[in-house]
Amino acid sequence: MPIQLYDSLTRKLKPLAPSQPDGVFRFYNCGPTVYAPAHIGNFRTFVINDVLRRLLELEFGKDKVRHVRNLTDVDDRTIGQTQKEKRPLAEITKKWTDHFHADCAALNCLPPHHEPTATGYIREQVDMIQVLMEKGNAYRAADGSVYFKVSSFADYGRLSRVRERELLVTDATADSDHKNSVSDFALWKAYKPEEDGDVKWPGPRGAGEGRPGWHIECSAMSKALLGDTIDLHTGGVDLLFPHHENEIAQSQCCNGKTFSNHWYHSEHLLVDGTTMSKSKGNYYTLGDLVAKGYSPMAVRYALLLLGHPRKQLNFTLDSMHAAQKALERIYAAMDRAGKDAGLAPGDFLRLPQADTSGIKQLTQANPFHRCWLSLCGDLNTPSALGEFFAGIHAFETHGVPAQFIKGELSLALTILWVFGIGLVKPSALQANAPVAITALAQKRWVAKQTKDFASADALRKELAAAGWSMLDGKDGYKLEPVKK
RNA sequence: GGCGCGGUAGCCAAGUGGUAAGGCCGAGCUCUGCAAAAGCUCUAUUCGGCGGUUCGAUUCCGCCCCGCGCCUCCA
């Protein structure tokens, strides 16, 4: 079954397929602006795209997917930050790029095959602007900026249906400096010494020094790395207009070809029922949640599996709790299934996760195959998760024939790989107890082994008073912070 | 004002023209020196309201109520 995905342009489900003869699927995902830490709303989009990438790799082959995600390292916000901090642009963007990469790694996102930066492709952007000027799709304004002439592109507004929108003309849009029309947008922004510091490049012929507008970077980098026509372009819904609308206008006017065969937009994450904002105090970064004691993998689970990617997802701390508990259950079940398959405890961690040999051939009766179908049907992650738990349940209750269970297990692991739920031992989710606590726990363990239950109980109370509970097992114990 | 999305058990959430997946929480059971953990079982006669189409609607149509997002540089 081919992967079906909603296409924002035609507003229908469409199968994904490579369009070039080399069979490589070309996929561009609009990346972050590196001027501050990305928040969990940003990561919802990136995690969703990561699952899509994984699904594509299983469908078309690992070497038949090319995934590009850019870094916007020059724009109003990054430049604004240099002015605030009085530090060079490169220093600031490097800092936040590193931070972004660390967060992505913690969330178990596969690195894209290419991660171009806007500043690394100035030349390509300038070239493209020049072509647009030559073709009459762009014009130079009095101050040396260059604007795209929206009226020159008949198809403008098809993606966002902007023609059907009643444009809300605010002061911000009305006082547009040198544009001929409010709808026109900047391709090249003339250098302003008082705002831009030393951030400037030589402009297209006929324009002055300055820097590229935001939209042109994606058009130029997509062309440079993936060619004139790509198979899929993705991003958050907010990018649908104007960003993606403008990209289409630029690319198609410049190249004379369809820019992207498929458009996909993931919906926003809300927090406590409303948009995240610093002033509302509901603004979270990954670091904020880790500091509250949630594992990054649980954050990934919450961002991805708790709601359909094309529906707004309301994020709350309650949902984080649910995510963390459900995740622990998955790990425990996988470990047990591994034992049933004759593996030593924890050995399931070493089974190959992306073994696709079985996943497509199975019948629909297999719950893990149904996970796969859910994912292929418009990336329905919550449905896939439901099927996944049904599969776990089958493991637990009916058992699986011994010679079959490794196959079952590897299917389950394949699905987890697509989810991007990295395998960590359940104990890795536990907080580390201080030395004083481990010492007490050790003392109690000895007391228990020698059947000195009075001391053991006293020590349990002592541990509880210190905020730790001790969970006895057959061959040892675990320590957990006391639950509130 | 315009464009778009959603209202399913205490919470989150999938879903279909034929009669409600799954997760969290909660309860019971098994296990256990205690305490947990873990597993099992149970938990919506019902899908915002009112009409309509239909043999039959949560699912299709109409109206209404409520919530949310976006409308030029925010994933």
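Excluded from the calculations below are hydrogen atoms, water molecules and symmetry mates; all remaining heavy atoms, backbone and side chain alike, are included. Just so it is clear: chains get the letters A, B, ... in the order the sequence lines come, proteins before strands, and each one is counted from 1.
At a threshold of 4.0 angstrom between heavy atoms, the contacts of A:G236 are confined to the sugar-phosphate backbone, with no base atom among them. Within 4.0 Å (heavy atoms only), A:T274 reaches sugar-phosphate atoms of the nucleic acid but no base atom. Among the atoms of the strands shown, base atoms are found under 4.0 Å from some heavy atom of A:G41. Across all strands, A:A390 comes closer than 4.0 Å to no nucleic acid atom at all (heavy-atom distances). Using a 4.0 Å heavy-atom criterion, one finds that A:R444 contacts the bases of the nucleic acid, with or without backbone contacts as well. A:D75 comes within 4.0 angstrom of no nucleic acid atom, judged by non-hydrogen atoms across all strands. Contact annotation for A:G273: backbone-only contact, meaning every heavy-atom pair under 4.0 Å involves sugar-phosphate atoms and none involves a base. Contact annotation for A:H39: base contact, defined as any heavy-atom pair under 4.0 Å involving a base atom.
At B:C74, none of the side-chain N or O atoms of A:H243 fall inside 4.0 Å of OP1 or OP2 (strictly under the cut-off). Close to B:A38, at under 4.0 Å from its OP1 or OP2, lies no side-chain N or O of A:R329. Using a 4.0 Å cut-off, no side-chain N or O of A:S383 falls inside it from OP1 or OP2 of B:A13. Residue A:S266 has no polar side-chain atom (N or O) positioned under 4.0 Å from OP1 or OP2 of B:A75. Taking 4.0 angstrom as the limit, A:H393 places a side-chain polar atom (N or O) nearer than this to OP1 or OP2 of B:U41.
Put simply, CD on A:E195 is 14 Å from C1' on B:C73, counting in whole angstrom units. For the pair A:I392 CD1 and B:A38 P, the interatomic distance rounds to 13 Å; values are reported in whole Å. A:K311 places its NZ atom 9 Å from the C1' atom of B:G7, with the value rounded to the nearest Å. Put simply, CZ on A:R161 is 18 Å from P on B:C70, counting in whole angstrom units. In this structure, OH of A:Y147 is placed 12 Å from P of B:C73, rounded to the nearest angstrom. In this structure, the CG atom of A:L304 is 13 Å from the P atom of B:A14, given to the nearest Å. Rounded to an integer number of Å, the gap from A:F368 CZ to B:G22 P is 14 Å. With rounding to whole Å, A:F315 atom CZ is found 19 Å from B:C11 atom P.
Here B:A75 is the nucleotide among B:C40, B:A75, B:C25 with the atom lying nearest to any side-chain atom of A:L269. Checked against B:C25, B:A38, B:C73, the side chain of A:R336 finds its nearest nucleotide in B:A38. Of the candidate nucleotides B:C12, B:G33, B:G4, B:G33 has the atom lying nearest to any side-chain atom of A:K448. Of the candidate nucleotides B:C68, B:G23, B:A75, B:G23 has the atom nearest to the side chain of A:Y301. The side chain of A:Q312 sits closest to B:C68 out of B:U72, B:C68, B:G33. The side chain of A:K189 has B:C73 as its nearest neighbour among B:U41, B:A75, B:C73. For A:K325, the listed nucleotide lying nearest its side chain is B:C24; candidates were B:U72, B:C24, B:G33. For A:N380, the side-chain atoms get nearest to B:G15 when compared with the rest of B:C24, B:G15, B:A75. Candidate nucleotides B:U72, B:A75, B:A37 were compared by shortest atom distance to the side chain of A:L471, and B:A37 ranks first. Comparing atom distances between the A:F389 side chain and each of B:C74, B:G23, B:G33 picks out B:G23 as nearest.
The base of B:C34 is paired with the side chain of A:D472 by a donor and an acceptor separated by under 3.5 Å. Looking at A:R77, its side chain has no donor and acceptor atom pair within 3.5 Å of the base of B:C73. Between the side chain of A:R370 and the base of B:G15, no donor-acceptor pair under 3.5 Å is found. For A:D457 against B:G33, a side-chain-to-base donor-acceptor contact under 3.5 Å is present. In the interface, the side chain of A:R460 is paired with the base of B:A35 through a donor and an acceptor atom under 3.5 Å apart.
Taking CZ of A:R444 as the start and CZ of A:R460 as the end, the distance is 4.0 Å to the nearest 0.5 Å. Separation of atoms NZ (A:K179) and OH (A:Y147) is listed at 6.5 Å; rounding is to 0.5 Å.
Comparing B:C50 with B:C68, their P atoms are spaced 24 Å from each other, to the whole Å. Comparing the C1' positions of B:C74 and B:A37 gives an interatomic distance of 44 Å, to the nearest angstrom. The separation of B:C64 from B:U72, taken at their C1' atoms, amounts to 35 Å, rounded to a whole angstrom. B:U43 and B:C25 are spaced 11 Å apart, taking the C1' atom of each and rounding to whole Å.
A stacked arrangement is not assigned to A:H268 and the six-membered base ring of B:G69, the conditions of a centre distance below 5.5 Å and an interplanar angle below 30° not being jointly met.
When the nearest nucleotides of RNA chain B are assigned to A:R11 and A:S319 by heavy-atom distance, the more 5′-ward of the two goes with A:R11.
Both distances falling under 3.5 Å, in either a Watson-Crick or a G-U wobble arrangement, occur for no nucleotide opposite B:A9. Of the nucleotides present, B:G2 is the one that pairs with B:C70 by Watson-Crick or G-U wobble criteria, both distances under 3.5 Å.
Annotation: cation-pi pair A:R11/A:Y6 absent, no NZ/CZ under 6.0 Å from the ring centroid and within 45° of its normal. The cationic atom of A:K149 (NZ for Lys, CZ for Arg) does not lie both less than 6.0 Å from the six-membered ring centre of A:Y139 and within 45° of the ring axis. At least one test fails for A:R211 against the ring of A:Y191: distance under 6.0 Å to the centre or angle within 45° of the axis.
None of A:D75, A:D76, A:D196 except one satisfies the salt bridge (Lys or Arg N to Asp or Glu O under 4.0 Å) rule with A:K189; the exception is A:D76.
Side chain to side chain, A:E115 and A:H101 meet the donor-acceptor criterion of an N or O pair below 3.5 Å. A donor-acceptor pair shorter than 3.5 Å can be found between the side chains of A:N49 and A:T234.
Counting only distance, with no hydrogens or angles, the side chain of A:E245 and the backbone of A:G157 share a donor-acceptor pair below 3.5 Å.
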